[in-house]
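Structure, as structure tokens:
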Amino acid sequence: MTRTRVLAVTALVAAGSLFAALLLIPVLFGASQFMFGGGGAGSGGCVDTSGASGQPGASDDARGIPSNYLVLYQAAGKQYGIPWNVLAGIGEVETAHGTAKGTGVSSGTNYAGAGGPMQFLKPTFDSFAVDGDHDGKKNLYDPADAIYTAGAYLKHNGAPERMKTAIFMYNHSWDYVSLVLDWAGKYANGNFKVVQSNGVDCQDDELPANASGIIRQIIAFAMAQRGKRYIFGAAGPDAWDCSSLLQAAYRSVGLTIPRTTFEQWPFGQKIPKGQEQPGDLVFFNSGPGTSSDSPGHVGMVIGKNRMVVARCSSCVPNIGVTPYNRADWIGVTRPLATKQLKNQLAHLASANQPG
């Protein structure tokens, strides 16, 4: 189906025993937003993305897809981790799997300047083109090249974890997204539903099992802020920047660390790379005024190569879990190893002893 037909159709369709007492300290700044059930951080808005790349079986309706196209959809879907039937849905809506008559399918372009069985604009195709049949050429009108390129383009735009967004980026219309997913559902054997993550994945919910209770509580606070906005200079409760998030996480258990990244870097005990532990702060040479000896960005270690961090205002999500082994890595500090925080911990533990 060409874009003209899409428009026509859519017009018709609408810490150990010492710290045990500290676990009773009220968690401030949005405590109701997380629980410890099941050992997780309890982000209520998380999405399970574990099955996003699953490849469903083919339904009876899929028999109507030309056999060479069906093989290509399934192969490209497997390669890019995108349900093959979504690619097939796009192929149906765009050109009925290359069988539609008219300019822009096997040659030329349509009224919008798109061509080929998957209806790419030439600049888009040239940017993402894949030699799907390994013939040494990247041909807009070759079904293998076009279908594999569609897979690469969807992947670039967030698929399979953010499938609706990726389809929308293919053709900027939510009616188009609905049509594609309607066909994708018909082609799948059984109930099919795409994953549309808000960037807060349930797979990241687990708190580190080897950490003390107080560290788990600090991390849980930070994890509960996932999905909120990043605003430079913000200090909660609805928005944070990278350093205010971590300051608040420590403050949630009654501990005080400095406010800004530039102050937090010299505050903690320096930890050699590879010896970082949950609750440590990891610093990066990025952000305004940053340098190799004055990092401008910070996150909190939650596990091996994973940190919770307030990233940026255009990131998805603004606050989330990402790897910390990256090119701009500078170093790691451990606030809990400082004399100041050891004294604070001892005071808090003493104050919460019974009697």
Side-chain angles (χ1 to χ4, degrees), residues 29-30 33 41 43-49 52 80-82 121 123-124 127-128 151-174 176-177 194-205 221-249 259-262 264-265 281-292 294-302 305-330:
F29 304 99
Q33 298 180 45
S43 174
C46 75
V47 175
D48 182 4
T49 62
Y80 291 103
I82 296 169
L121 297 172
T124 305
S127 296
F128 296 93
Y153 189 54
L154 291 173
K155 186 78 170 181
H156 171 79
N157 285 315
E161 292 84 3
R162 303 181 70 226
M163 187 63 79
K164 292 181 180 179
T165 299
I167 299 170
F168 180 84
M169 295 301 294
Y170 201 99
N171 185 339
H172 292 70
S173 164
W174 289 112
Y176 177 85
V177 175
V194 296
V195 171
Q196 178 63 22
S197 174
N198 57 9
V200 180
D201 297 338
C202 296
Q203 292 94 312
D204 294 327
D205 257 9
F221 177 93
M223 296 277 277
Q225 313 310 306
R226 290 176 297 160
K228 292 186 178 182
R229 297 179 63 195
Y230 171 98
I231 299 178
F232 181 75
D238 299 319
W240 309 90
D241 66 16
C242 63
S243 56
S244 70
L245 171 66
L246 307 190
Q247 183 193 45
R259 164 65 180 85
T260 71
T261 305
F262 301 110
Q264 290 173 359
W265 170 241
L281 307 188
V282 57
F283 295 83
F284 306 92
N285 185 4
S286 63
T290 190
S291 67
S292 60
S294 183
H297 189 52
V298 62
M300 182 188 292
V301 175
I302 58 175
N305 196 28
R306 304 295 284 171
M307 67 175 174
V308 56
V309 59
R311 301 163 65 195
C312 70
S313 59
S314 61
C315 298
V316 180
N318 285 193
I319 300 173
V321 175
T322 66
Y324 58 76
N325 283 334
R326 31 187 265 197
D328 58 352
W329 183 95
I330 287 181

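All heavy atoms count here, side chains included; hydrogens, waters and symmetry mates do not.
- Between Ile330 atom CD1 and Thr290 atom OG1 the span is 5.0 Å, to the nearest 0.5 Å.
- The line from OG1 of Thr261 to NE2 of His297 is 8.0 Å long, rounded to the nearest 0.5 Å.
- The aromatic rings of Tyr176 and Tyr170 lie parallel to each other, their planes meeting at an angle below 30°, with 60° marking the opposite boundary.
- A parallel orientation is assigned to the rings of His156 and Tyr153, their planes being inclined by less than 30° (bins at 30° and 60°).
- Trp174 and Lys164 get closest at one heavy-atom pair: CZ3-O, 3.8 Å.
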- Message: Glu161 vs Val47, test: side chain to side chain contact (heavy atoms under 4.5 Å, CB included). Steps then yes/no.
- Response: CA-CA 9 Å; Glu161 292 84 3; Val47 175; over 6 Å; no
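- In terms of heavy-atom proximity, Pro160 sits nearest to Lys155 at CD-NZ, 3.9 Å.
- Residue Ile167 holds its CD1 atom at 9.5 Å from CD1 of Ile82, rounded to the nearest 0.5 Å.
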- Assess whether side chain to side chain contact (heavy atoms under 4.5 Å, CB included) is satisfied between Arg162 and Asn157, documenting all intermediate values. CA-CA 8 Å; Arg162 303 181 70 226; Asn157 285 315; over 6 Å; no
- Begin with the C-alpha distance, continue with both residues' side-chain angles, and end with the deciding distance and a verdict on side chain to side chain contact (heavy atoms under 4.5 Å, CB included) for Val321 and Met223. CA-CA 8 Å; Val321 175; Met223 296 277 277; 3.7 Å; yes
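- Asp241 places a side-chain N or O within 3.5 Å of a backbone atom of Gly233 that can act as its donor or acceptor partner.
- Of all the heavy atoms in Thr49 and Ser197, the pair that sits closest is CG2-CB, 3.7 Å.
- Between Asn318 atom CG and Cys242 atom SG the span is 12.5 Å, to the nearest 0.5 Å.
- Summarising the geometry of Gln264 relative to Ser243, their closest heavy-atom pair is NE2-O, 3.1 Å, with the distance given to 0.1 Å.
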- Task: Would you please test Asn305 and Tyr324 for side chain to side chain contact (heavy atoms under 4.5 Å, CB included) and show each step?
- Result: CA-CA 5 Å; Asn305 196 28; Tyr324 58 76; 4.1 Å; yes
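- For Ser313 and Arg229, the side-chain atoms include no donor-acceptor pair closer than 3.5 Å.
- Closest of all the heavy-atom pairs between Arg259 and Ala234 is NH2-O, 3.5 Å.
- Nearest heavy atom pair, residue Trp240 against residue Gln225, reads NE1-OE1, 3.2 Å.
- Met307 pairs in a side-chain contact (heavy atoms from CB on, under 4.5 Å) with only one of the listed residues (Asn325, Ile302, Leu281, Thr322), which is Thr322.
- A distance of 14.5 Å separates CZ in Phe283 from OG in Ser292, rounded to the nearest 0.5 Å.
- Checking Trp265, Phe262, Trp329 one by one against Pro295, the side-chain contact (heavy atoms from CB on, under 4.5 Å) holds for a single residue, Trp265.
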